[in-house]
Amino acid sequence: AVDMSDITTTETIALELPLVDVSALTAPSLNFYMFMCTQGYNPPNELHIEAYDGTTWNQVGIVDTGSASWENHKFILLNHVVGNTVQLRFRVQEQSSSSSYYGDIAIDDVMIEEGPSCLKPTNIVNAAVTANTADFTWDAPAILPSNGYEWVVMASGSPAPDISTSISTGTATTNSTTAGSLTQVTSYVFYVRSDCGGTDQSAWEGPLSFTTGCPSQLAGNYTIGTTGDYTSISAAISDLNACGVSAAVTFDILTGSGPYNEQLVLNEVTGASATNTITFNGNGETITSATDTSNRSLFLLDGVDYVTLN
């Protein structure tokens with residue numbers, strides 16, 4: 001354990017391990033437990049895991065999260081084996097002199113053991129996003145998977161990745177892919193895993209959260225209803241709030257499409273002006289909603305101008 005009291009940000013404190021023979025292991029992996037409370041100060045202190053190549057200490061990984069309990073951490077060591085041996089050290093780094101009495105670090109049960117047979121990819125990056133697609137890249141594992149990768153896009157808030165309930169899914173032979181069939185201005189999460197053949201797949205890497213964009217700012221006439229451009233008034237409001245307008249916009253609620261049970265909030269709309277007005281034509285349809293003391297409005301105009309409700 002390291003007491004971080006009175007340690008400056010320039011001091012180096014390290015626990016250096018002896019050389020370990022890993023010749024009997026196919027995929028050597030470091031496994032240990034760490035305790036570091038991250039409450040009461042910011043930024044959190046860091047535990048650096050480093051490997052010696054005979055000349056230089058190289059980074060294996062960094063842990064800068066913790067809680068009031070022991071947490072397990074694992075790192076693959078394949079890229080850090082020299083001959084048949086590996087040498088590691090744990091180096092702690094104080095991140096702020098003003099928090100020098102916080103963030104003590106303890107480690108326990110340090111083991112170098114056989115890692116999983118199928119290694120997961122790491123470091124997912126959302127390279128680009130449009131209204132209906134998103135591009136992703138990731139870092140390949142030290143041992144490339146024989147069957148490439150599987151990926152899924154799940155609705156934001158989904159409990160776990162599941163191909164059977166995914167919004168979009170596919171495979172990739174390289175460390176990049178494009179997910180399609182997405183809905184504009186919608187939040188999702190992305191996962192990817194290695195496929196090593198048969199039933200041998202790695203753990204999922206993720207989630208990486210992302211949100212699709214707008215196809216363009218709204219302009220012109222739109223209809224609202226089951227067979228309209230928007231199936232609900234809320235969907236139209238969502239696009240106005242997210243995308244804005246580039247010209248005058250009129251929403252016609254289709255006759256006979258109601259009643260609508262919705263509670264609406266229209267915020268300040270980007271591009272709205274005396275020329276670029278926003279009009280809702282109700283055409284005799286009804287909108288209702290159950291309000292309460294904290295949400296009394298049925299249709300709240302929150303900071304928006306140039307709106308007409310007919």
Side-chain angles (χ1 to χ4, degrees), residues 1-20 22 25 27-82 85-116 119-126 137-142 156 160 189-193 202-210:
V2 178
D3 183 349
M4 302 301 289
S5 302
D6 292 327
I7 295 176
T8 69
T9 56
T10 59
E11 289 184 81
T12 296
I13 299 177
L15 172 64
E16 186 175 315
L17 305 183
L19 281 170
V20 177
V22 295
L25 303 177
S29 173
L30 172 66
N31 185 348
F32 67 94
Y33 284 84
M34 172 179 160
F35 185 103
M36 179 178 70
C37 181
T38 55
Q39 297 179 358
Y41 72 105
N42 191 62
N45 294 329
E46 295 178 346
L47 177 69
H48 294 246
I49 300 92
E50 299 171 329
Y52 192 60
D53 64 6
T55 304
T56 306
W57 287 100
N58 301 296
Q59 181 172 293
V60 176
I62 297 176
V63 181
D64 60 359
T65 60
S67 63
S69 63
W70 288 93
E71 296 183 350
N72 184 231
H73 299 279
K74 297 180 180 181
F75 295 92
I76 299 298
L77 301 175
L78 271 171
N79 293 334
H80 304 285
V81 176
V82 178
T85 63
V86 63
Q87 186 172 16
L88 303 173
R89 75 176 181 181
F90 296 95
R91 179 172 60 84
V92 297
Q93 191 69 53
E94 175 75 58
Q95 291 301 296
S96 173
S97 58
S98 63
S99 60
S100 59
Y101 289 92
Y102 292 88
D104 297 343
I105 296 175
I107 57 175
D108 200 2
D109 292 341
V110 178
M111 295 181 290
I112 296 178
E113 59 187 7
E114 188 67 78
L119 305 180
K120 73 174 184 176
T122 57
N123 193 32
I124 304 172
V125 174
N126 182 198
T137 63
W138 53 85
D139 291 343
S156 181
V189 289
F190 178 85
Y191 295 86
V192 63
R193 69 180 178 182
S202 74
W204 290 101
E205 175 71 357
L208 178 70
S209 299
F210 69 100

Assess the residue pair Val110 and Leu30 against the criterion (side-chain contact (heavy atoms from CB on, under 4.5 Å)); give the C-alpha distance rounded to whole Å, side-chain angles, the decisive distance to 0.1 Å, and a yes or no.
CA-CA 7 Å; Val110 178; Leu30 172 66; 3.9 Å; yes
Which heavy-atom pair separates [X] from [Y] by the least distance, and what is that distance?
X      : Y      : answer
Met34  : Val63  : SD-CG1, 3.6 Å
Ile124 : Val192 : CD1-CG1, 3.8 Å
Ile49  : Phe75  : CD1-CE1, 3.8 Å
Gly115 : Ser29  : CA-CB, 3.7 Å
Phe210 : Asn126 : CB-OD1, 3.4 Å

Flag the pair [X] / [Y] as yes when at least one side-chain heavy-atom distance between them is below 4.5 Å, and no otherwise.
X      : Y      : result
Asp108 : Trp70  : yes
Leu77  : Val60  : yes
Asp139 : Pro121 : no
Pro116 : Ile76  : yes
Leu15  : Val92  : no
Ile112 : Val22  : yes

Look up atom [atom1] in [X] and atom [atom2] in [Y], then write down how far apart they are to the nearest 0.5 Å.
X      : Y      : atom1 : atom2 : value
Trp57  : His48  : CH2   : NE2   : 14.0 Å
Leu78  : Leu119 : CG    : CG    : 6.5 Å
Lys120 : Trp204 : NZ    : CH2   : 12.0 Å
Asn58  : Leu88  : CG    : CG    : 11.5 Å
Ile105 : Phe35  : CD1   : CZ    : 11.5 Å
Asp109 : Asn31  : CG    : CG    : 8.5 Å

Are the side chain of Glu50 and the backbone N or O of Arg91 linked by a donor-acceptor pair below 3.5 Å?
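Flag not set: sc Glu50 to bb Arg91 has no pair under 3.5 Å.
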Might you work through the side-chain hydrogen bond (donor to acceptor under 3.5 Å, both in side chains) test for Glu16 and Gln87, ending with a clear yes or no?
CA-CA 8 Å; Glu16 186 175 315; Gln87 186 172 16; 3.2 Å; yes
Sidechain N-carboxylate O distance under 4.0 Å for Glu205, Arg193
no
By ring pair (Phe, Tyr, Trp, His ring centres under 6.0 Å), which residues pair with Phe90, not counting sequence neighbours?
Phe32
If you count the non-hydrogen atoms of other residues, nucleotides and ligands that lie under 6.0 Å from OH in Tyr33, is the total more than 12?
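No, because the 6.0 Å sphere around OH of Tyr33 holds 12 heavy atoms or fewer from other groups.
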